[in-house]
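A short worksheet on the structure shown next.
By convention here, the first residue in the shown sequence is residue 1. Note that the structure is predicted; figures quoted are calculated from it, not measured. Computed over heavy atoms, backbone and side chain alike; hydrogens, waters and symmetry mates excluded.
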Amino acid sequence: MNNYESAVLVLEEMATLLDMAGIRDWAEGLRRVGSYSESEATVLYSAVLRMYGGCGSLSDIVLYHDGKLLKAENDRFDELRSKLYLICR
């Protein structure tokens with residue numbers, strides 16, 4: 001599996017976790033970026049890396065459902081977030 005394919009899979013899994021926590025805007029954003037074609041992989045990587053900076057960034061997301069912290073889901077989301085960064089840098 002190449003970096004593009006890995007990034008798309010990670011983005012979709014992250015979007016699924018965000019949906020579970022009701023964070024629809026971020027989920028839609030990740031799916032939108034993941035819809036770039038393989039020939040646009042550099043655009044995908046750049047778009048992803050821009051999501052990591054600043055206040056209210058991808059790095060700041062914590063998953064909750066009905067006011068309860070989703071421990072296992074947050075652990076997985078953090079793993080995916082780190083993996084995605086390494087793929088795209």
Side-chain angles (χ1 to χ4, degrees):
M1 181 176 312
N2 63 33
N3 280 352
Y4 167 79
E5 293 166 338
S6 296
V8 170
L9 288 174
V10 170
L11 285 164
E12 181 55 39
E13 187 174 349
M14 291 174 75
T16 299
L17 290 168
L18 290 163
D19 279 335
M20 182 188 320
I23 307 173
R24 306 267 186 259
D25 54 340
W26 270 104
E28 290 170 12
L30 293 184
R31 286 192 175 102
R32 193 173 323 108
V33 170
S35 71
Y36 287 119
S37 68
E38 190 165 1
S39 65
E40 300 172 300
T42 57
V43 176
L44 182 151
Y45 303 148
S46 294
V48 166
L49 292 175
R50 282 192 306 273
M51 293 178 179
Y52 282 84
C55 189
S57 70
L58 188 61
S59 302
D60 297 330
I61 295 174
V62 178
L63 306 175
Y64 288 87
H65 184 70
D66 292 332
K68 295 180 183 169
L69 180 68
L70 301 172
K71 173 75 171 114
E73 291 83 353
N74 275 298
D75 289 346
R76 181 64 181 152
F77 191 80
D78 191 48
E79 290 172 17
L80 293 168
R81 184 170 33 209
S82 296
K83 181 177 181 177
L84 183 64
Y85 181 82
L86 292 174
I87 291 168
C88 294
R89 68 179 178 147

Pair E40, S37 - check side chain to side chain donor-acceptor pair (under 3.5 Å), show working. CA-CA 5 Å; E40 300 172 300; S37 68; 3.2 Å; yes
Are [X] and [Y] grouped together when hydrophobic residues (ILVMFWY) are joined by side-chain heavy atoms under 4.5 angstrom apart?
| X | Y | result |
| --- | --- | --- |
| Y36 | Y52 | yes |
| I87 | Y85 | yes |
| L30 | L80 | yes |
| V10 | I61 | yes |

Suppose we screen for side-chain contact (heavy atoms from CB on, under 4.5 Å). Which residues come up paired with S46, at least two apart in sequence or across chains? R50
When the side chains of residues 64-72 are checked against the rest of the protein, which donor-acceptor pairs come out under 3.5 Å, sequence neighbours left out?
unit_1 : atom_1 : unit_2 : atom_2 : d
H65    : ND1    : M20    : O      : 3.3
K71    : NZ     : D75    : OD1    : 3.1
K71    : NZ     : D75    : OD2    : 3.0

Sequence neighbours excluded, the answer for side chain to side chain donor-acceptor pair (under 3.5 Å) partners of R32 is none
Just verifying a value: how many Å separate [X] [atom1] and [Y] [atom2], rounded to the nearest 0.5 Å?
| X | Y | atom1 | atom2 | answer |
| --- | --- | --- | --- | --- |
| E73 | T16 | CD | OG1 | 12.0 Å |
| D19 | R31 | CG | CZ | 4.5 Å |
| D78 | L63 | CG | CG | 10.0 Å |

Check this for me, if you would: do R76 and E79 make a salt bridge, where the nitrogen-to-carboxylate-oxygen distance has to be below 4.0 angstrom? yes
Flag side-chain contact, heavy atom, 4.5 Å: F77 against V62: no
Quick one, L18 with R24, criterion side-chain contact (heavy atoms from CB on, under 4.5 Å). Give me CA distance, side-chain angles, the key distance, then yes/no. CA-CA 7 Å; L18 290 163; R24 306 267 186 259; over 6 Å; no
Step-by-step side-chain contact (heavy atoms from CB on, under 4.5 Å) determination, W26 to M14: CA-CA 9 Å; W26 270 104; M14 291 174 75; over 6 Å; no
Apply side-chain contact (heavy atoms from CB on, under 4.5 Å) to residues L44 and V48 and explain how you reach the verdict. CA-CA 6 Å; L44 182 151; V48 166; 4.1 Å; yes
Checking Y4 side chain against Y45 main chain: does a donor-acceptor pair fall under 3.5 Å? no
Just by distance, do the side chain of E5 and the backbone of N2 share a donor-acceptor pair under 3.5 Å? yes
In terms of heavy-atom contacts, S57 and M51 come closest through CB-O, 3.2 Å
